[in-house]
Amino acid sequence: MGSGFPPHGGNLTQEAKRLGIRSDQLLDASASLVPFQPPRVMRAALRRAIAGTALRDYPDRSQIALRQAIADWHGVDDACVLPGNGAAELFTWAARDAAAHGLSGLPQPGFADYRRALSCWDAGVCSLPLPLDWAGSGPEAFPTPLDLESRVGTLWLTNPHNPTGQLWSRSSLECLLDRYPLVICDEAFLPLVPGGERQSLLPLVATHPNLVVIRSLTKLLAVAGLRLGYAVAAADRVQRWQRWRDPWPVNGLALAAGQAVIADRVGLSRWTRRVETWVADEGAWLQQQLMQLSEITPMPSSTNFFLIRSDASLVKLRERVARRGVLLRDCRSFEGLGERWLRIGLQNRRGNRRILRALAAELS
Ligand SMILES: Cc1ncc(COP(=O)(O)O)c(C=O)c1O
């Protein structure tokens, strides 16, 4: 993309090749994934689906069972739910609607895929710079960019924000719904945030036809390779997107796995609590440890990734740490960040110790 720096983390194969090591020797903290095996119920459903007809048959084009399961889970109308091939596919359709409203306002630094989606439709984009200092990891007010708002037709929100990990309070987002013709809120990481659901905009979809909430099961369930996400929006918008997209965007394995995991409501709450506990405990532990190191400052975060900043360039440090087998996210592709920032994806304790050892060895 434009900057020439990779727009995403998780480029394991290329990085391993570049570094001359096997990809299984690398610890990938450049992507932000839950370090657990996907839920047992999900793995069992996948085995059953493979043994059955899910590979041979075309999947259900209307994804009725999965829609219903997601709708029951969130207490929304099933006509307002659209499962997708990851959240990323749904950004593409959200962007088509956004293009019809003129300029899209993108808080920056921000997630790169919204630009990719908007570029499919030649949509105009304007950056809304976020202040780069924040103190705590609790819900905070979204800093409304007053100077640009009159030109913006669609506001793209990420809650919690990527790459900063800031959690925006629902009350500060709610008032934006009256100011913009379209608001797209990406809540990909919200279910991982301890207490995060209280800030969700999902309960507002029923009363705000200009709101789209997009979620990813990739993050919560550790299934980036399976591809599963969903949008919750007004029924007529969902129907329109359904008409535009490919005939079978959600494959049979993803349908089976998603249905099984959501139907097991008790197991899903247990899983979510496990993930939240991991974020709270490991996040606090790793931040505390990193504060002891010189030259870098870990920034507070509500979720399973956080930024570190320095007064000097961290590009060489990232490379030296990579040569020790630990990949951190280069932040040069994030508008407004650059060389003095890196992003770290939280791991299990063993992985976090490995990150710490690699950084400590290079900073001492
Ligand atoms: C903020 C954010 N939203 C969405 C996604 C993509 O989710 P999915 O894997 O479901 O397409 C990512 C992936 O990194 C992300 O960081």
Side-chain angles (χ1 to χ4, degrees), residues 8-13 15-16 19 21-44 46 137 160 162-165 167 188-196 216-226 228 257 261 264 267-293 296 298-308 317-318 320-331 342-363:
H8 291 283
N11 303 310
L12 211 53
T13 318
E15 284 289 77
L19 295 162
I21 40 183
R22 289 200 323 268
S23 58
D24 61 3
Q25 293 174 308
L26 281 173
L27 175 74
D28 186 11
S30 70
S32 306
L33 303 172
V34 171
F36 310 140
Q37 282 283 315
R40 200 176 305 213
V41 167
M42 192 171 210
R43 285 180 282 145
L46 283 169
S137 57
N162 182 2
T164 62
L167 179 65
F189 287 97
L190 199 63
L192 286 74
V193 175
S216 163
L217 291 174
T218 292
K219 312 292 177 195
L220 177 64
L221 302 173
V223 287
L226 190 63
L228 194 55
V261 85
D264 175 24
L268 186 55
S269 330
R270 210 179 301 127
W271 173 271
T272 307
R273 275 199 304 280
R274 181 180 175 206
V275 170
E276 287 179 350
T277 306
W278 160 71
V279 168
D281 293 354
E282 282 306 310
W285 184 83
L286 187 56
Q287 289 247 340
Q288 190 58 38
Q289 301 295 318
L290 290 175
M291 276 178 206
Q292 318 300 319
L293 301 182
I296 57 167
M299 299 298 286
S301 166
S302 64
T303 191
N304 62 323
F305 53 81
F306 60 90
L307 289 169
I308 57 175
L317 176 70
R318 181 188 178 274
R320 291 200 302 267
V321 166
R323 301 214 165 267
R324 289 178 180 269
V326 174
L327 287 184
L328 304 180
R329 175 69 155 89
D330 186 326
C331 286
L342 293 174
R343 196 189 64 197
I344 299 182
L346 214 54
Q347 309 295 313
N348 58 21
R349 182 58 60 91
R350 205 160 156 236
N352 289 332
R353 283 192 195 284
R354 205 172 145 193
I355 295 173
L356 198 60
R357 272 199 308 276
L359 281 170
E362 293 300 340
L363 285 168

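Excluded from the calculations below are hydrogen atoms, water molecules and symmetry mates; all remaining heavy atoms, backbone and side chain alike, are included. As the structure is a computational prediction, the values presented were derived from the model and not from experiment.
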Take atom CZ of R349 as the centre, draw a 6.0 Å sphere, and report whether it contains more than 12 heavy atoms from other residues, nucleotides or ligands. yes

Report yes if the side chains of V321 and L342 come closer than 4.5 Å at any heavy-atom pair, otherwise no. no

Scanning both residues in full, the closest heavy-atom pair of P298 with I308 reads CA-CG2, 3.8 Å

Is there side-chain contact between V279 and V34, with at least one heavy-atom pair below 4.5 Å? no

Nearest 0.5 angstrom please: L33 CG to N304 CG, how far? 8.0 Å

W271 side-chain N/O to L220 backbone N/O, donor-acceptor pair under 3.5 Å: yes

L307 versus S301: any side-chain heavy-atom pair under 4.5 Å? no

Could you walk me through whether L46 and L226 pass the side chain to side chain contact (heavy atoms under 4.5 Å, CB included) test, one step at a time? CA-CA 10 Å; L46 283 169; L226 190 63; 4.1 Å; yes

Does a side-chain heavy-atom distance below 4.5 Å link S137 with F306? no

Charged tip of R329 within 45° of F305 ring normal and under 6.0 Å: no

To the nearest 0.5 Å, what is the distance between CG (L19) and CZ (R22)? 14.0 Å

S302 side chain vs G165 backbone, donor-acceptor pair below 3.5 Å: yes

I'd like to check R343 versus S32 (side-chain heavy atoms, cut-off strictly below 4.5 Å). Are they in contact? yes

How many angstroms lie between CG in L190 and OG1 in T303, if you round to the nearest 0.5 Å? 8.5 Å

What closest approach, in Å, do R324 and E362 show between heavy atoms, and which atom pair accounts for it? NE-OE2, 2.6 Å

Starting at CZ of R323, measure out to CZ of R318 and round the result to the nearest 0.5 Å. 10.5 Å

The side chain to side chain donor-acceptor pair (under 3.5 Å) partner of N352 among Q289, E282, Q347 is E282

Give the minimum heavy-atom separation between V326 and A358, together with the two atoms involved. CG2-CB, 4.0 Å

Does R354 reach the main-chain N or O of G325 with its side chain, forming a donor-acceptor pair under 3.5 Å? yes

Output for pair (L12 CG, D28 CG), nearest 0.5 Å, gives 5.0 Å

Would you check, one step at a time, whether the test side chain to side chain contact (heavy atoms under 4.5 Å, CB included) holds for L359 with L317? CA-CA 8 Å; L359 281 170; L317 176 70; 3.8 Å; yes

Starting at CG of L363, measure out to CD of Q292 and round the result to the nearest 0.5 Å. 13.0 Å

